[in-house]
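Shown next, in C-alpha coordinates, is the structure this report addresses.
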Number of protein chains: 2
Amino acid sequence: MWTLYTSTLDKENMEKIAKRSTYRHGDLHRALLEAAIELARKGGKNAIVLREVTRQAGVAPNAAYRHFEDLGSLLRAVSMAAQAQLADAMEKELATVKPSGNKAEDARARLRAVGTGYLTFAQSEPGLFRMAFSEHADMSNATHPASTGHGGLTPFQILSGALDDLVSAGELPAERRVASEFLAWSAVHGLAMLLIDGPMRGSGQAQAEALGQRLIDMVERGL
Amino acid sequence: MWTLYTSTLDKENMEKIAKRSTYRHGDLHRALLEAAIELARKGGKNAIVLREVTRQAGVAPNAAYRHFEDLGSLLRAVSMAAQAQLADAMEKELATVKPSGNKAEDARARLRAVGTGYLTFAQSEPGLFRMAFSEHADMSNATHPASTGHGGLTPFQILSGALDDLVSAGELPAERRVASEFLAWSAVHGLAMLLIDGPMRGSGQAQAEALGQRLIDMVERGL
DNA sequence: AGATTAATGTGTACAGCGTCCACAAATGCT
DNA sequence: AGCATTTGTGGACGCTGTACACATTAATCT
(Lines give C-alpha, C1' and ligand atoms only; values in the text may rest on other atoms or scores of the structure.)
Protein backbone atom coordinates (compact mmCIF):
# COMPACT_ATOMS: atom_id res chain seq x y z
CA MET A 1 0.00 0.00 0.00
CA TRP A 2 1.18 3.50 -0.73
CA THR A 3 -0.09 6.68 0.81
CA LEU A 4 -0.59 10.07 -0.72
CA TYR A 5 1.17 13.08 0.68
CA THR A 6 -0.53 16.19 1.91
CA SER A 7 0.87 19.67 1.86
CA THR A 8 1.49 21.78 4.90
CA LEU A 9 -0.42 24.52 3.11
CA ASP A 10 -3.47 22.37 2.63
CA LYS A 11 -5.81 24.89 4.20
CA GLU A 12 -6.21 26.94 1.07
CA ASN A 13 -4.98 24.80 -1.77
CA MET A 14 -5.94 21.29 -0.92
CA GLU A 15 -7.74 21.16 -4.21
CA LYS A 16 -4.53 21.75 -6.09
CA ILE A 17 -2.87 18.63 -4.90
CA ALA A 18 -3.04 15.97 -7.54
CA LYS A 19 -4.68 12.84 -6.29
CA ARG A 20 -3.96 9.74 -8.18
CA SER A 21 -5.42 6.28 -8.51
CA THR A 22 -2.63 4.75 -10.55
CA TYR A 23 0.79 3.89 -9.21
CA ARG A 24 2.39 5.71 -12.09
CA HIS A 25 1.73 9.40 -12.23
CA GLY A 26 1.66 9.74 -15.97
CA ASP A 27 3.37 13.08 -16.44
CA LEU A 28 5.30 13.69 -13.29
CA HIS A 29 8.10 15.60 -14.97
CA ARG A 30 5.68 18.26 -16.13
CA ALA A 31 3.74 18.21 -12.87
CA LEU A 32 6.90 18.81 -10.85
CA LEU A 33 8.07 21.57 -13.14
CA GLU A 34 4.72 23.33 -13.04
CA ALA A 35 4.50 23.08 -9.27
CA ALA A 36 8.00 24.49 -8.99
CA ILE A 37 7.16 27.34 -11.35
CA GLU A 38 4.11 28.18 -9.31
CA LEU A 39 6.11 28.19 -6.11
CA ALA A 40 8.71 30.47 -7.70
CA ARG A 41 5.99 32.75 -8.93
CA LYS A 42 4.51 33.18 -5.49
CA GLY A 43 7.52 33.05 -3.27
CA GLY A 44 10.68 33.39 -5.31
CA LYS A 45 13.56 31.02 -5.61
CA ASN A 46 13.72 30.14 -1.94
CA ALA A 47 10.15 28.92 -2.10
CA ILE A 48 11.13 26.13 -4.45
CA VAL A 49 11.55 23.31 -1.99
CA LEU A 50 11.84 19.85 -3.39
CA ARG A 51 9.67 18.23 -0.77
CA GLU A 52 6.91 20.78 -1.23
CA VAL A 53 7.05 20.34 -5.00
CA THR A 54 6.56 16.60 -4.65
CA ARG A 55 3.82 17.14 -2.09
CA GLN A 56 1.88 19.24 -4.56
CA ALA A 57 2.37 16.64 -7.24
CA GLY A 58 1.12 14.00 -4.83
CA VAL A 59 4.22 11.81 -4.84
CA ALA A 60 6.96 10.87 -2.42
CA PRO A 61 9.98 13.20 -2.26
CA ASN A 62 12.29 10.71 -3.90
CA ALA A 63 10.11 10.37 -6.96
CA ALA A 64 11.54 13.69 -8.13
CA TYR A 65 14.92 12.07 -8.60
CA ARG A 66 13.58 9.97 -11.46
CA HIS A 67 13.01 13.18 -13.43
CA PHE A 68 15.59 15.64 -12.17
CA GLU A 69 19.10 14.86 -11.10
CA ASP A 70 18.78 17.03 -8.02
CA LEU A 71 17.20 20.26 -6.83
CA GLY A 72 19.64 22.37 -8.82
CA SER A 73 18.57 20.63 -11.98
CA LEU A 74 14.94 21.46 -11.25
CA LEU A 75 15.87 25.06 -10.56
CA ARG A 76 17.59 25.31 -13.92
CA ALA A 77 14.50 23.97 -15.61
CA VAL A 78 12.40 26.59 -13.86
CA SER A 79 14.90 29.22 -14.94
CA MET A 80 14.47 28.28 -18.57
CA ALA A 81 10.69 28.21 -18.28
CA ALA A 82 10.85 31.67 -16.74
CA GLN A 83 12.92 32.88 -19.69
CA ALA A 84 10.29 31.49 -22.00
CA GLN A 85 7.57 33.41 -20.20
CA LEU A 86 9.69 36.54 -20.35
CA ALA A 87 10.05 36.03 -24.09
CA ASP A 88 6.27 35.79 -24.37
CA ALA A 89 5.82 39.01 -22.43
CA MET A 90 8.28 40.76 -24.72
CA GLU A 91 6.61 39.48 -27.86
CA LYS A 92 3.22 40.47 -26.52
CA GLU A 93 4.46 44.00 -26.02
CA LEU A 94 6.05 43.93 -29.47
CA ALA A 95 2.71 42.98 -30.97
CA THR A 96 1.16 46.21 -29.71
CA VAL A 97 3.43 48.26 -31.97
CA LYS A 98 1.44 49.30 -35.02
CA PRO A 99 3.50 49.94 -38.15
CA SER A 100 3.45 53.63 -38.97
CA GLY A 101 4.98 53.36 -42.41
CA ASN A 102 8.13 55.07 -41.21
CA LYS A 103 10.72 52.32 -41.05
CA ALA A 104 13.08 54.15 -38.72
CA GLU A 105 10.33 55.14 -36.35
CA ASP A 106 8.96 51.60 -36.25
CA ALA A 107 12.35 50.09 -35.52
CA ARG A 108 12.80 52.43 -32.58
CA ALA A 109 9.30 51.69 -31.34
CA ARG A 110 10.01 47.99 -31.46
CA LEU A 111 13.22 48.34 -29.50
CA ARG A 112 11.32 50.36 -26.93
CA ALA A 113 8.64 47.69 -26.78
CA VAL A 114 11.27 45.04 -26.13
CA GLY A 115 12.56 47.01 -23.18
CA THR A 116 9.11 47.84 -21.90
CA GLY A 117 8.04 44.21 -22.09
CA TYR A 118 11.12 43.21 -20.15
CA LEU A 119 10.44 45.73 -17.40
CA THR A 120 6.75 44.97 -17.24
CA PHE A 121 7.38 41.28 -16.84
CA ALA A 122 9.97 41.88 -14.15
CA GLN A 123 7.48 43.87 -12.12
CA SER A 124 4.43 41.73 -12.67
CA GLU A 125 6.26 38.43 -12.09
CA PRO A 126 9.25 39.26 -9.91
CA GLY A 127 9.66 35.74 -8.62
CA LEU A 128 9.90 34.25 -12.07
CA PHE A 129 12.01 37.10 -13.36
CA ARG A 130 14.59 36.49 -10.68
CA MET A 131 14.66 32.82 -11.55
CA ALA A 132 15.20 33.57 -15.21
CA PHE A 133 18.71 34.82 -14.64
CA SER A 134 20.07 32.79 -11.82
CA GLU A 135 21.56 29.34 -11.79
CA HIS A 136 23.15 29.66 -15.19
CA ALA A 137 26.31 27.97 -16.16
CA ASP A 138 27.19 30.19 -19.09
CA MET A 139 25.42 32.05 -21.85
CA SER A 140 24.76 28.88 -23.81
CA ASN A 141 21.15 28.80 -22.75
CA ALA A 142 20.57 32.33 -23.90
CA THR A 143 19.74 30.50 -27.12
CA HIS A 144 18.57 27.20 -25.61
CA PRO A 145 15.32 25.92 -27.10
CA ALA A 146 13.77 25.41 -23.65
CA SER A 147 14.06 29.15 -23.05
CA THR A 148 12.06 30.22 -26.07
CA GLY A 149 8.57 31.64 -26.02
CA HIS A 150 5.77 30.76 -28.37
CA GLY A 151 7.50 32.69 -31.11
CA GLY A 152 10.44 30.31 -30.92
CA LEU A 153 12.87 32.96 -29.70
CA THR A 154 14.63 33.55 -26.41
CA PRO A 155 14.57 37.01 -24.83
CA PHE A 156 18.12 37.50 -26.02
CA GLN A 157 17.20 36.63 -29.58
CA ILE A 158 14.21 38.97 -29.52
CA LEU A 159 16.43 41.82 -28.42
CA SER A 160 18.99 40.94 -31.07
CA GLY A 161 16.30 41.07 -33.71
CA ALA A 162 15.16 44.50 -32.62
CA LEU A 163 18.72 45.79 -32.82
CA ASP A 164 19.21 44.27 -36.24
CA ASP A 165 16.10 46.08 -37.39
CA LEU A 166 17.49 49.29 -35.99
CA VAL A 167 20.60 48.85 -38.12
CA SER A 168 18.75 48.02 -41.29
CA ALA A 169 16.53 51.03 -40.69
CA GLY A 170 19.66 53.16 -40.61
CA GLU A 171 19.14 54.19 -37.01
CA LEU A 172 22.19 52.44 -35.58
CA PRO A 173 25.64 52.57 -37.20
CA ALA A 174 26.84 49.07 -37.97
CA GLU A 175 30.06 49.53 -36.01
CA ARG A 176 28.00 50.13 -32.91
CA ARG A 177 25.83 47.11 -33.48
CA VAL A 178 28.31 44.55 -32.26
CA ALA A 179 27.66 43.51 -28.69
CA SER A 180 25.07 46.24 -28.32
CA GLU A 181 22.69 43.58 -26.98
CA PHE A 182 24.69 43.57 -23.81
CA LEU A 183 24.53 47.33 -23.41
CA ALA A 184 20.79 47.57 -23.87
CA TRP A 185 20.24 44.46 -21.85
CA SER A 186 22.38 45.70 -18.99
CA ALA A 187 20.46 48.93 -18.64
CA VAL A 188 17.05 47.36 -18.63
CA HIS A 189 18.11 44.40 -16.55
CA GLY A 190 19.71 46.64 -13.96
CA LEU A 191 16.62 48.77 -13.58
CA ALA A 192 14.49 45.67 -13.30
CA MET A 193 16.66 44.32 -10.52
CA LEU A 194 16.76 47.59 -8.65
CA LEU A 195 13.01 47.93 -8.95
CA ILE A 196 12.14 44.52 -7.60
CA ASP A 197 15.00 43.55 -5.32
CA GLY A 198 17.07 46.62 -4.85
CA PRO A 199 16.90 49.82 -2.95
CA MET A 200 14.02 51.32 -4.97
CA ARG A 201 11.68 48.50 -4.20
CA GLY A 202 8.32 49.74 -3.15
CA SER A 203 8.25 52.75 -5.42
CA GLY A 204 4.90 53.02 -7.11
CA GLN A 205 4.16 51.60 -10.51
CA ALA A 206 3.71 55.02 -12.07
CA GLN A 207 7.12 56.12 -10.89
CA ALA A 208 8.64 52.86 -12.04
CA GLU A 209 7.09 53.20 -15.46
CA ALA A 210 8.27 56.76 -15.89
CA LEU A 211 11.74 55.76 -14.87
CA GLY A 212 11.61 52.86 -17.30
CA GLN A 213 10.79 55.15 -20.18
CA ARG A 214 13.56 57.54 -19.24
CA LEU A 215 15.96 54.64 -19.09
CA ILE A 216 14.93 53.53 -22.53
CA ASP A 217 15.42 57.09 -23.74
CA MET A 218 18.93 56.92 -22.39
CA VAL A 219 19.64 53.69 -24.19
CA GLU A 220 18.25 54.99 -27.45
CA ARG A 221 20.41 58.09 -27.26
CA GLY A 222 23.49 56.34 -26.00
CA LEU A 223 23.72 53.12 -27.95
CA MET B 1 32.14 22.22 31.34
CA TRP B 2 31.67 23.67 27.87
CA THR B 3 33.31 22.43 24.72
CA LEU B 4 34.58 24.37 21.75
CA TYR B 5 33.19 23.68 18.32
CA THR B 6 35.23 22.58 15.38
CA SER B 7 34.45 23.28 11.78
CA THR B 8 33.78 20.67 9.17
CA LEU B 9 36.32 22.45 7.02
CA ASP B 10 39.02 22.15 9.63
CA LYS B 11 41.46 20.46 7.31
CA GLU B 12 42.71 23.66 5.78
CA ASN B 13 41.61 26.45 8.07
CA MET B 14 41.89 25.06 11.53
CA GLU B 15 44.07 28.01 12.35
CA LYS B 16 41.28 30.44 11.59
CA ILE B 17 38.98 29.19 14.28
CA ALA B 18 39.10 31.40 17.30
CA LYS B 19 40.06 29.48 20.37
CA ARG B 20 39.07 31.00 23.59
CA SER B 21 40.06 30.60 27.21
CA THR B 22 37.40 32.86 28.67
CA TYR B 23 33.72 32.00 28.89
CA ARG B 24 32.84 35.34 27.33
CA HIS B 25 34.07 35.88 23.82
CA GLY B 26 34.76 39.58 24.10
CA ASP B 27 33.69 40.77 20.68
CA LEU B 28 31.43 38.12 19.31
CA HIS B 29 29.26 40.47 17.32
CA ARG B 30 32.23 41.55 15.23
CA ALA B 31 33.62 38.04 15.03
CA LEU B 32 30.34 36.68 13.70
CA LEU B 33 29.99 39.48 11.19
CA GLU B 34 33.50 39.04 9.93
CA ALA B 35 33.15 35.31 9.62
CA ALA B 36 29.90 35.81 7.71
CA ILE B 37 31.53 38.34 5.39
CA GLU B 38 34.36 35.95 4.70
CA LEU B 39 31.93 33.15 3.91
CA ALA B 40 30.00 35.42 1.56
CA ARG B 41 33.22 36.48 -0.11
CA LYS B 42 34.22 32.90 -0.83
CA GLY B 43 30.92 31.24 -1.47
CA GLY B 44 28.21 33.81 -1.95
CA LYS B 45 25.05 34.27 0.02
CA ASN B 46 24.23 30.59 0.26
CA ALA B 47 27.53 30.00 2.00
CA ILE B 48 26.46 32.09 4.96
CA VAL B 49 25.26 29.38 7.27
CA LEU B 50 24.60 30.35 10.85
CA ARG B 51 26.07 27.22 12.32
CA GLU B 52 29.24 27.55 10.28
CA VAL B 53 29.59 31.19 11.26
CA THR B 54 29.42 30.29 14.94
CA ARG B 55 31.82 27.39 14.40
CA GLN B 56 34.40 29.77 12.99
CA ALA B 57 33.89 32.11 15.89
CA GLY B 58 34.33 29.19 18.26
CA VAL B 59 30.97 29.43 19.97
CA ALA B 60 27.78 27.40 20.13
CA PRO B 61 25.18 28.07 17.42
CA ASN B 62 22.77 29.72 19.80
CA ALA B 63 25.29 32.30 20.91
CA ALA B 64 24.59 34.12 17.65
CA TYR B 65 21.10 34.93 18.85
CA ARG B 66 22.50 37.20 21.53
CA HIS B 67 23.87 39.47 18.79
CA PHE B 68 21.53 39.04 15.83
CA GLU B 69 17.81 38.49 15.93
CA ASP B 70 18.02 35.73 13.36
CA LEU B 71 19.90 34.70 10.24
CA GLY B 72 18.16 37.35 8.14
CA SER B 73 19.41 40.01 10.48
CA LEU B 74 22.97 38.78 10.06
CA LEU B 75 22.55 38.73 6.29
CA ARG B 76 21.40 42.34 6.32
CA ALA B 77 24.44 43.30 8.33
CA VAL B 78 26.66 41.57 5.78
CA SER B 79 24.82 43.39 3.03
CA MET B 80 25.61 46.74 4.57
CA ALA B 81 29.22 45.81 5.11
CA ALA B 82 29.42 44.79 1.47
CA GLN B 83 28.02 48.16 0.45
CA ALA B 84 30.68 49.80 2.54
CA GLN B 85 33.39 47.83 0.76
CA LEU B 86 31.86 48.75 -2.57
CA ALA B 87 31.96 52.39 -1.55
CA ASP B 88 35.64 52.01 -0.73
CA ALA B 89 36.34 50.46 -4.12
CA MET B 90 34.56 53.33 -5.83
CA GLU B 91 36.41 55.95 -3.86
CA LYS B 92 39.68 54.22 -4.57
CA GLU B 93 38.98 54.39 -8.28
CA LEU B 94 37.90 58.02 -7.90
CA ALA B 95 41.22 58.81 -6.27
CA THR B 96 43.09 57.76 -9.40
CA VAL B 97 41.51 60.61 -11.39
CA LYS B 98 44.06 63.39 -11.65
CA PRO B 99 42.62 66.86 -12.07
CA SER B 100 43.35 68.18 -15.54
CA GLY B 101 42.28 71.75 -14.95
CA ASN B 102 39.33 71.30 -17.24
CA LYS B 103 36.33 71.21 -14.96
CA ALA B 104 33.98 69.55 -17.42
CA GLU B 105 36.50 66.92 -18.37
CA ASP B 106 37.24 66.14 -14.74
CA ALA B 107 33.58 65.77 -13.85
CA ARG B 108 33.11 63.29 -16.65
CA ALA B 109 36.23 61.40 -15.64
CA ARG B 110 34.97 61.14 -12.09
CA LEU B 111 31.61 59.81 -13.21
CA ARG B 112 33.43 57.24 -15.30
CA ALA B 113 35.59 56.30 -12.34
CA VAL B 114 32.52 55.75 -10.22
CA GLY B 115 31.16 53.33 -12.77
CA THR B 116 34.46 51.63 -13.30
CA GLY B 117 34.95 51.17 -9.57
CA TYR B 118 31.52 49.64 -9.33
CA LEU B 119 32.20 47.18 -12.13
CA THR B 120 35.65 46.32 -10.90
CA PHE B 121 34.38 45.54 -7.43
CA ALA B 122 31.56 43.41 -8.79
CA GLN B 123 34.04 41.30 -10.70
CA SER B 124 36.74 41.06 -8.08
CA GLU B 125 34.32 40.36 -5.22
CA PRO B 126 31.25 38.82 -6.79
CA GLY B 127 30.07 37.17 -3.60
CA LEU B 128 30.10 40.40 -1.64
CA PHE B 129 28.68 42.38 -4.51
CA ARG B 130 25.68 40.11 -4.70
CA MET B 131 25.14 40.47 -0.98
CA ALA B 132 25.26 44.25 -1.23
CA PHE B 133 21.96 44.45 -3.03
CA SER B 134 19.89 41.66 -1.64
CA GLU B 135 17.88 41.45 1.54
CA HIS B 136 16.84 45.06 1.48
CA ALA B 137 13.58 46.31 2.80
CA ASP B 138 13.56 49.63 0.95
CA MET B 139 15.99 52.27 -0.15
CA SER B 140 16.41 53.63 3.35
CA ASN B 141 19.74 51.97 3.76
CA ALA B 142 21.04 53.49 0.56
CA THR B 143 22.04 56.22 2.97
CA HIS B 144 22.42 54.13 6.12
CA PRO B 145 25.61 54.88 8.05
CA ALA B 146 26.53 51.19 8.24
CA SER B 147 26.79 51.15 4.46
CA THR B 148 29.36 53.89 4.17
CA GLY B 149 32.97 53.46 3.23
CA HIS B 150 35.91 55.16 4.85
CA GLY B 151 34.92 58.40 3.16
CA GLY B 152 31.64 58.37 5.06
CA LEU B 153 29.52 57.94 1.95
CA THR B 154 27.42 55.08 0.61
CA PRO B 155 27.80 53.99 -3.01
CA PHE B 156 24.58 55.79 -3.81
CA GLN B 157 25.85 59.01 -2.29
CA ILE B 158 29.12 58.76 -4.17
CA LEU B 159 27.27 58.41 -7.43
CA SER B 160 25.00 61.32 -6.52
CA GLY B 161 28.01 63.47 -5.86
CA ALA B 162 29.53 62.66 -9.23
CA LEU B 163 26.29 63.60 -10.96
CA ASP B 164 26.04 66.85 -9.01
CA ASP B 165 29.53 67.69 -10.17
CA LEU B 166 28.50 66.97 -13.72
CA VAL B 167 25.68 69.48 -13.41
CA SER B 168 27.81 72.19 -11.84
CA ALA B 169 30.39 71.64 -14.56
CA GLY B 170 27.66 72.34 -17.10
CA GLU B 171 27.82 68.87 -18.58
CA LEU B 172 24.37 67.75 -17.52
CA PRO B 173 21.24 69.91 -17.87
CA ALA B 174 19.59 70.39 -14.51
CA GLU B 175 16.26 69.05 -15.68
CA ARG B 176 17.93 65.76 -16.49
CA ARG B 177 19.65 65.57 -13.15
CA VAL B 178 16.63 64.46 -11.19
CA ALA B 179 16.59 60.71 -10.61
CA SER B 180 19.51 60.28 -12.96
CA GLU B 181 21.22 58.25 -10.25
CA PHE B 182 18.82 55.48 -11.01
CA LEU B 183 19.52 55.56 -14.72
CA ALA B 184 23.28 55.44 -14.37
CA TRP B 185 23.04 52.95 -11.56
CA SER B 186 20.75 50.67 -13.51
CA ALA B 187 23.08 50.44 -16.46
CA VAL B 188 26.16 49.67 -14.46
CA HIS B 189 24.37 47.41 -12.04
CA GLY B 190 22.81 45.44 -14.85
CA LEU B 191 26.11 44.84 -16.56
CA ALA B 192 27.64 43.82 -13.26
CA MET B 193 24.92 41.27 -12.66
CA LEU B 194 25.09 39.90 -16.17
CA LEU B 195 28.86 39.62 -15.93
CA ILE B 196 28.94 37.72 -12.67
CA ASP B 197 25.67 35.83 -12.46
CA GLY B 198 24.10 36.11 -15.83
CA PRO B 199 24.54 34.62 -19.24
CA MET B 200 27.83 36.32 -19.98
CA ARG B 201 29.58 34.86 -17.02
CA GLY B 202 32.93 33.45 -17.94
CA SER B 203 33.80 36.03 -20.52
CA GLY B 204 37.37 37.17 -20.04
CA GLN B 205 38.33 40.19 -18.02
CA ALA B 206 39.55 42.08 -21.07
CA GLN B 207 36.23 41.64 -22.80
CA ALA B 208 34.35 42.59 -19.66
CA GLU B 209 36.42 45.73 -19.26
CA ALA B 210 35.90 46.79 -22.86
CA LEU B 211 32.19 46.24 -22.51
CA GLY B 212 32.19 48.21 -19.27
CA GLN B 213 33.78 51.19 -20.94
CA ARG B 214 31.34 51.03 -23.83
CA LEU B 215 28.48 50.90 -21.35
CA ILE B 216 29.80 53.94 -19.58
CA ASP B 217 30.07 55.66 -22.95
CA MET B 218 26.42 54.91 -23.48
CA VAL B 219 25.45 56.36 -20.14
CA GLU B 220 27.48 59.50 -20.72
CA ARG B 221 25.84 60.05 -24.08
CA GLY B 222 22.37 59.10 -22.99
CA LEU B 223 21.89 60.63 -19.56
C1' DA C 1 1.06 -15.35 -23.90
C1' DG C 2 4.63 -15.59 -20.59
C1' DA C 3 8.97 -14.22 -18.78
C1' DT C 4 12.45 -10.71 -18.24
C1' DT C 5 14.10 -6.20 -18.06
C1' DA C 6 13.56 -1.36 -17.50
C1' DA C 7 11.22 2.54 -15.64
C1' DT C 8 8.97 4.74 -11.99
C1' DG C 9 7.33 5.43 -7.25
C1' DT C 10 7.76 4.21 -1.96
C1' DG C 11 9.95 3.78 2.75
C1' DT C 12 13.47 4.35 5.70
C1' DA C 13 17.36 6.70 7.14
C1' DC C 14 20.97 10.23 7.77
C1' DA C 15 23.30 14.48 8.41
C1' DG C 16 22.73 19.36 8.36
C1' DC C 17 19.98 23.36 8.98
C1' DG C 18 17.51 27.49 11.77
C1' DT C 19 15.49 28.24 15.96
C1' DC C 20 13.14 27.51 20.74
C1' DC C 21 13.71 26.62 25.60
C1' DA C 22 15.81 25.88 30.01
C1' DC C 23 20.05 26.32 32.30
C1' DA C 24 25.09 27.90 33.44
C1' DA C 25 28.58 31.19 33.87
C1' DA C 26 30.50 35.65 34.06
C1' DT C 27 29.90 40.65 34.55
C1' DG C 28 27.97 44.98 36.46
C1' DC C 29 25.26 47.47 39.97
C1' DT C 30 23.73 48.79 44.58
C1' DA D 1 28.22 40.73 49.42
C1' DG D 2 24.27 39.94 46.97
C1' DC D 3 21.47 40.28 43.09
C1' DA D 4 20.09 41.29 38.24
C1' DT D 5 21.64 41.29 33.60
C1' DT D 6 24.22 39.75 29.91
C1' DT D 7 26.30 36.20 27.34
C1' DG D 8 27.22 31.42 26.17
C1' DT D 9 25.80 26.19 26.46
C1' DG D 10 23.05 21.84 25.71
C1' DG D 11 19.38 19.54 24.04
C1' DA D 12 15.43 19.26 21.30
C1' DC D 13 12.21 19.88 17.28
C1' DG D 14 10.75 20.03 12.68
C1' DC D 15 12.35 20.92 8.43
C1' DT D 16 15.50 20.14 4.45
C1' DG D 17 18.13 17.43 0.37
C1' DT D 18 19.41 13.08 -0.83
C1' DA D 19 21.29 7.96 -0.62
C1' DC D 20 19.83 3.11 -0.57
C1' DA D 21 16.98 -0.81 -0.84
C1' DC D 22 12.64 -2.32 -2.27
C1' DA D 23 7.81 -2.48 -4.64
C1' DT D 24 5.04 -1.91 -8.46
C1' DT D 25 3.97 -1.20 -13.11
C1' DA D 26 5.04 -0.86 -18.18
C1' DA D 27 7.85 -2.33 -22.16
C1' DT D 28 10.41 -5.69 -24.62
C1' DC D 29 11.78 -10.14 -26.10
C1' DT D 30 11.23 -14.67 -26.85
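We name chains A, B, ... by the order of the sequence lines, and we start the count at 1 in each one.
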Once you round it to whole Å, what is the distance between [atom2] of [N] and [atom1] of [X]?
{"X": "B/Asn46", "N": "C/dC17", "atom1": "CG", "atom2": "P", "value": "13 Å"}
{"X": "B/Leu28", "N": "D/dT9", "atom1": "CG", "atom2": "C1'", "value": "13 Å"}
{"X": "A/Phe68", "N": "D/dT18", "atom1": "CZ", "atom2": "C1'", "value": "16 Å"}
{"X": "B/His29", "N": "D/dG8", "atom1": "NE2", "atom2": "P", "value": "12 Å"}
{"X": "A/Glu52", "N": "D/dG14", "atom1": "CD", "atom2": "P", "value": "18 Å"}
{"X": "B/Asp27", "N": "D/dT6", "atom1": "CG", "atom2": "P", "value": "18 Å"}
{"X": "B/Tyr23", "N": "C/dA24", "atom1": "OH", "atom2": "P", "value": "10 Å"}
{"X": "A/Leu32", "N": "C/dT8", "atom1": "CG", "atom2": "P", "value": "12 Å"}

[N] OP1/OP2 closer than 4.0 Å to side-chain N/O of [X]:
{"X": "A/His67", "N": "C/dG9", "answer": "yes"}
{"X": "B/Arg24", "N": "C/dA24", "answer": "no"}
{"X": "B/Tyr65", "N": "C/dT19", "answer": "yes"}
{"X": "B/Arg20", "N": "D/dT9", "answer": "yes"}

Using atom types as modelled, flag every donor-acceptor pair under 3.5 Å from a side chain in residues 118-126 of chain B to any protein atom, sequence neighbours excluded.
residue  : atom : partner  : partner atom : Å
B/Tyr118 : OH   : B/Trp185 : NE1          : 2.9
B/Tyr118 : OH   : B/His189 : ND1          : 2.8
B/Thr120 : OG1  : B/Thr116 : O            : 2.8
B/Ser124 : OG   : B/Thr120 : O            : 3.0
B/Ser124 : OG   : B/Phe121 : O            : 3.4
B/Glu125 : OE2  : B/Arg41  : NH1          : 3.2

Original post:
Of all the choices, D/dT16, D/dT7, C/dT19, which nucleotide is nearest to the side chain of A/Val49 once you look at every atom?
Top reply: D/dT16

Original post:
Given that A/Gly26 and A/Arg51 both sit by DNA chain C, which one's nearest nucleotide is further toward the 5' end?
Top reply: A/Gly26

**OP:** For B/Gln213, look at atom CD and say whether over 12 heavy atoms of other residues, nucleotides or ligands are found less than 6.0 Å away.
**Re:** yes

**OP:** Sequence neighbours left out, what pairs pass salt bridge (Lys or Arg N to Asp or Glu O under 4.0 Å) with at least one residue falling in residues 207-220 of chain B?
**Re:** B/Arg108-B/Glu220, B/Arg112-B/Asp217, B/Arg112-B/Glu220

**OP:** For A/Asp70 and for B/Ala63, locate the closest nucleotide of DNA chain D by heavy-atom distance; then report the residue assigned to the nucleotide nearer the 5' terminus.
**Re:** B/Ala63

Original post:
Which distance, rounded to the nearest 0.5 Å, do you find between the CG of B/Leu50 and the CG of B/Leu32?
Top reply: 8.0 Å

Original post:
Per the side chain to side chain donor-acceptor pair (under 3.5 Å) rule, which among A/Arg24, A/Arg30, A/His29 passes with A/Asp27?
Top reply: A/Arg30

